[in-house]
Protein chains: 2
Amino acid sequence: MGRKEKDKQEIEDVRLKILEAAKNLFLKEGYEATSIRKIAAEIKLSPTTIYLYYKDKNDIAYTLHKEGFKILGQQFAVLQHVESGFERLKAMGKIYISFAIQNTDFYQLMFIMKEPMEFIADKDFCEWEEGEFAFGALQKTVSDCKAEGYFKGMNDNNVALNVWALVHGLCSLKLQGHLDHVASAHLHVPEDRNILDEAFETLVLMLEKMK
Amino acid sequence: MGRKEKDKQEIEDVRLKILEAAKNLFLKEGYEATSIRKIAAEIKLSPTTIYLYYKDKNDIAYTLHKEGFKILGQQFAVLQHVESGFERLKAMGKIYISFAIQNTDFYQLMFIMKEPMEFIADKDFCEWEEGEFAFGALQKTVSDCKAEGYFKGMNDNNVALNVWALVHGLCSLKLQGHLDHVASAHLHVPEDRNILDEAFETLVLMLEKMK
DNA sequence: TTTTTTAAATTAACGGTGTTAATTATATTT
DNA sequence: AAATATAATTAACACCGTTAATTTAAAAAA
């Protein structure tokens, strides 16, 4: 007796509809401006209905964060066909940086904001397939580089972490407005050149010395 | 005629009182929890009075951000007595990282949050003595390293930027909760060791190869 | 067919936020 | 004592995330 309970598929459909609305808003106006109320209005639901499908706003942030990792992962996946580890490492860096620049909102969600991580922390078990794939690809690439004679005497994981930290550092300083600030005051960059590209070129020179 | 206008000093006194309250709150409960209303309550002023002394919340964020740079700058200043450029570079890295870990809130304000930068962007001219000093110290150190034979054929500024980006990348990933997430899943770190210290050790190995 | 039941969705409300406009309090000078 | 200029205040706007209480709607039972 009673009203028909929504089955798994129907629930997933609503979840997706909410997520689409959230994504559109968030890609158009950024995370800050993406409120539960606005998401609800977009799909003609009452704000509180959202809470029947997502635990809280961090839950939505985390779900979008996973989408971001899927996109980045797909871009990395293409590189698995590059044989040379070192060439692949360089390409990964370039892809990572252009992903950050072209998907600034996703990047913030994936690597800068605390919120999605807080959601994970609250969960008992953490599934993280998407992120695992991306970092795993970097780890494999570093170990391939090692087989090619690079990074002798260094711990693979630490090298991977440092490489990630470097490109993330560049991207996050750029996206958060800190880089342009320093650049205009302290770095004379040729008009037609991009600070990140300049820096990345030097990074490649540094990596080449690792052989 | 009329009520006595507050002179420069009196205005500065109130500004400082507000800033002290803001700092206390922000060091105790973080930036998020530091609202204009709470700051005002702390010093028994009405919330709107704050706006007579600071343009908006970003103004306060920016003023605290400058304080942070003063602290970091003082720590860097001590290192100017280290003769060897390379030794100084390593020490700067260690100091930067421990500053980030021990002053997480200041670090967020200085290098992660957009707000203080947004305030600067709104101003017509940008004074940035504090930050200039810190980055200038790094630039000088890199050029000293170069004189010692490191970073041959590389642009000084780009090297400095990359070094900064790397340590910032490590710190920000750590502070924002992204590092622990990856670490538990992908990096087996010895119980008694810190991920950042581990990574930094490898960074030093990498820098040593730059000679 | 009508009543009961139950899940889904809604409205109302709480306790906050940054910020601005309008008003009041206060001290000084005429 | 009255007028005035400035400092500080109150009231208000337009939001926010989230929870509790309520209503709507559809399926099952009578």
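Naming: A, B, ... by sequence-line order, numbering from 1 per chain. In this text the structure is predicted, and so the values were computed from the model without any measurement.
- Between the side chain of A:Lys38 and the main chain of A:Ala21, no donor-acceptor pair closer than 3.5 Å is present.
- Rounded to a whole Å, the CD1 atom of A:Ile11 is 11 Å from the C1' atom of C:dA7.
- The list of ring-ring contact (aromatic ring centres under 6.0 Å, His included) pairs with a residue in residues 5-35 of chain A, not counting sequence neighbours, reads A:Phe26-A:Phe106.
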I'd like a table of atom pairs between the protein and nucleotides 18-23 of chain C - only N or O on both sides, under 3.5 Å - with the distance next to each one.
{"unit_1": "C:dG18", "atom_1": "OP1", "unit_2": "B:Ile36", "atom_2": "N", "d": "3.3"}
{"unit_1": "C:dG18", "atom_1": "OP1", "unit_2": "B:Lys57", "atom_2": "NZ", "d": "3.1"}
{"unit_1": "C:dG18", "atom_1": "OP2", "unit_2": "B:Ile36", "atom_2": "N", "d": "3.1"}
{"unit_1": "C:dG18", "atom_1": "N7", "unit_2": "B:Arg37", "atom_2": "NH1", "d": "2.4"}
{"unit_1": "C:dG18", "atom_1": "O6", "unit_2": "B:Arg37", "atom_2": "NH2", "d": "3.0"}
{"unit_1": "C:dT19", "atom_1": "OP2", "unit_2": "B:Tyr51", "atom_2": "OH", "d": "2.8"}
{"unit_1": "C:dT19", "atom_1": "OP2", "unit_2": "B:Lys57", "atom_2": "N", "d": "3.0"}
{"unit_1": "C:dT19", "atom_1": "O5'", "unit_2": "B:Tyr51", "atom_2": "OH", "d": "3.2"}

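- Between B:Glu67 and B:Lys70 there is no salt bridge, since none of the side-chain N atoms of the basic residue sits less than 4.0 Å from a carboxylate O of the acidic one.
- Rounded to 10°, the helix from C:dT1-D:dA30 to C:dT30-D:dA1 has 50° between the axis fitted to its first five pairs and the one fitted to its last five.
- Remark: B:Thr49 is in phosphate contact with D:dT9, judged by side-chain N or O atoms under 4.0 Å from OP1 or OP2.
- Rounded to whole Å, atom P of C:dA7 lies 14 Å from atom CD of A:Glu10.
- Look at NZ on A:Lys4: it is 10 Å from P on D:dA28, rounded to the nearest Å.
- Residue-level contact check: B:Tyr53 touches the backbone only, with heavy atoms under 4.0 Å from sugar-phosphate atoms and none from bases.
- A straight line from CD1 of B:Ile18 to C1' of D:dA7 spans 12 Å, rounded to a whole angstrom.
- Taking a cutoff of 4.0 Å between a charged side-chain nitrogen and a carboxylate oxygen, B:Lys17 and B:Glu20 do not qualify as a salt bridge.
- Side-chain atoms of A:Leu52 lie closest to C:dA8 of the nucleotides C:dA8, D:dA8, D:dA27.
- Between A:Asp59 atom CG and D:dG17 atom P the separation is 14 Å, expressed in whole Å.
- A ring-ring contact (aromatic ring centres under 6.0 Å, His included) with B:Tyr96 is found for one member of B:Tyr107, B:Phe135, B:Phe200 and no other, namely B:Tyr107.
- Within the 4.0 angstrom heavy-atom criterion, only backbone atoms of the sugar-phosphate kind lie near B:Leu45; the bases stay farther away.
- Ion pair A:Lys114/B:Glu32 not flagged as a salt bridge, since none of the NZ, NE, NH1 or NH2 atoms sits closer than 4.0 Å to an Asp/Glu carboxylate oxygen.
- In this structure, A:Lys6 atom NZ and D:dA27 atom P are separated by 12 Å, rounded to whole Å.
- In this structure, A:Ile50 atom CD1 and D:dC16 atom P are separated by 12 Å, rounded to whole Å.
- A straight line from CD1 of A:Ile39 to C1' of D:dT18 spans 14 Å, rounded to a whole angstrom.
- Centroid-to-centroid, the aromatic rings of A:Phe76 and A:Phe69 stay 6.0 Å apart or farther.
- Under the 6.0 Å cut-off for aromatic ring centres, A:Phe119 and A:Tyr54 do not qualify, their centroids lying 6.0 Å or more apart.
- Annotation: A:Lys66, atom NZ; neighbour count of heavy atoms from other residues, nucleotides and ligands within 6.0 Å is above 12.
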